[in-house]
Visitor: 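Dropping the structure in here first, questions after.
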Amino acid sequence: TQLLEQSPQFLSIQEGENLTVYCNSSSVFSSLQWYRQEPGEGPVLLVTVVTGGEVKKLKRLTFQFGDARKDSSLHITAAQPGDTGLYLCAVLGPGTASKLTFGTGTRLQVTL
Amino acid sequence: KAGVTQTPRYLIKTRGQQVTLSCSPISGHRSVSWYQQTPGQGLQFLFEYFSETQRNKGNFPGRFSGRQFSNSRSEMNVSTLELGDSALYLCASSRPSGGNPYEQYFGPGTRLTVT
C-alpha cells in the first residue's frame with residue numbers, strides 16, 4: 001500500500017485546457033510538497049504547503065492542502081506544453097524529517 | 001550558484017558487476033540523500049548522509065551502500081548488480097532549515113542500465 005496515492009496516473013490534454021491532479025492518503029501530515037520532473041532531469045520543488053486548508057498560487061498553478069492535512073490537489077489553468085512532465089507529491093518521513101516519501105506520480109502531457 | 005551535479009549521467013553494466021555513482025551537492029549544503037526511481041516502484045529513498053555519517057536508510061538490501069566525504073560530496077555503490085537495479089539514481093542536497101520542512105534540490109540523475 002502506497003502512503004501517497006496520486007490520480008490520475010496519466011493525463012493527456014490540449015493546450016488551454018484546465019486540469020486537477022490529486023494526492024491522497026489516510027495519514028495526516030505536517031506538510032506536503034509538490035515537485036515537477038521533466039524528462040532527463042531531477043524533480044524540482046514547486047511548493048510546500050503546511051497549514052490545513054492552505055491555498056498557494058504559482059502563476060497558473062494552484063495548490064491546496066486539505067483541511068484535515070491528509071490530501072492535496074494541484075490545479076493548472078490554461079495548460080501549456082511547457083507544463084508537460086511528471087508531477088509528484090511528497091511528504092517528509094515517516095519517522096524522520098530528513099527523507100522524502102513520494103507519491104505514485106501523475107504524468108501530464110500537454111499538446112498543441 | 002551551481003546546482004547538484006551527478007556523474008556519470010549514463011552507465012551500462014553487466015549483472016554481477018559493481019558500480020559507483022558520484023554526487024556533488026550545492027555549495028554549503030551538508031546533507032545528501034540518494035533515491036532510486038523506477039517505472040514500477042516510483043521514487044524511493046535509499047539513504048541520507050550528513051557530516052559524513054549515514055543518518056537514515058531506506059528499505060534496500062545491503063548491496064546498496066554509500067559514503068560522504070569531508071567536502072560533502074557523496075558516492076553510492078551497488079555491488080553484485082541485478083537486472084532489477086536498472087533505474088534512475090537521483091541525488092539531492094539540502095541544508096537543515098530549523099523548523100521549516102527540508103527543501104531538497106535534486107541533480108539530473110544517473111541512468112543505470114544492467115544487462
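Quick note on labels: first sequence line is chain A, next is B, and so on, each numbered from 1. Because the structure is a prediction, the values reported are computed rather than measured.
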Visitor: Around B/N71, counting heavy atoms of other residues, nucleotides and ligands shown, do more than 12 lie under 6.0 Å from its CG?
Guide: yes

Visitor: So what's closer than 4.5 Å to chain A heavy atoms on B/L43: side chain, backbone, both or neither?
Guide: both

Visitor: Where on B/R111 is there a heavy atom nearer than 4.5 Å to chain A: the side chain, the backbone, both, or neither?
Guide: neither

Visitor: Kindly indicate whether the side chain of B/Q41, heavy atoms from C-beta on, has any atom under 4.5 Å from the side chain of A/T104.
Guide: no

Visitor: Looking only at side-chain N and O atoms, does B/E103 offer a donor or acceptor that is under 3.5 Å from a partner on A/Q33?
Guide: no

Visitor: Can you tell which of A/G103, A/P43, A/G42, A/A90 has the highest number of heavy-atom pairs within less than 4.5 Å of chain B?
Guide: A/P43

Visitor: Main chain of A/L45, side chain of B/Y105: is a donor-acceptor contact present, judged purely on distance under 3.5 Å?
Guide: no

Visitor: Under a 4.5 Å side-chain heavy-atom rule over Ile, Leu, Val, Met, Phe, Trp and Tyr, are A/L32 and A/L74 clustered together?
Guide: yes

Visitor: Do A/V44 and A/L58 belong to the same hydrophobic cluster, where Ile, Leu, Val, Met, Phe, Trp and Tyr are linked whenever their side-chain heavy atoms lie under 4.5 Å apart, directly or via other members?
Guide: no

Visitor: Counting heavy atoms not belonging to B/I12, are there more than 12 under 6.0 Å from its CD1?
Guide: no

Visitor: Do B/L11 and B/W34 belong to the same hydrophobic cluster, where Ile, Leu, Val, Met, Phe, Trp and Tyr are linked whenever their side-chain heavy atoms lie under 4.5 Å apart, directly or via other members?
Guide: yes

Visitor: Indicate if A/F65 and A/L3 have the same hydrophobic cluster label, given that clusters are the connected sets of ILVMFWY residues with side-chain heavy-atom separations under 4.5 angstrom.
Guide: yes

Visitor: With only heavy atoms counted, which part of A/Q37 is less than 4.5 Å from chain B, the side chain, the backbone, both or neither?
Guide: side chain

Visitor: Report which part of B/Q44 has an atom under 4.5 Å of a heavy atom belonging to chain A: side chain, backbone, both, or neither.
Guide: neither

Visitor: Are there over 12 heavy-atom neighbours, none belonging to B/R9, within less than 6.0 Å of that residue's CZ?
Guide: yes

Visitor: Heavy-atom distance under 4.5 Å between the side chains of A/L100 and B/S33, does that happen here?
Guide: no

Visitor: Begin with the C-alpha distance, continue with both residues' side-chain angles, and end with the deciding distance and a verdict on ring-ring contact (aromatic ring centres under 6.0 Å, His included) for A/F102 and B/Y35.
Guide: CA-CA 10 Å; A/F102 284 88; B/Y35 295 82; 5.7 Å; yes

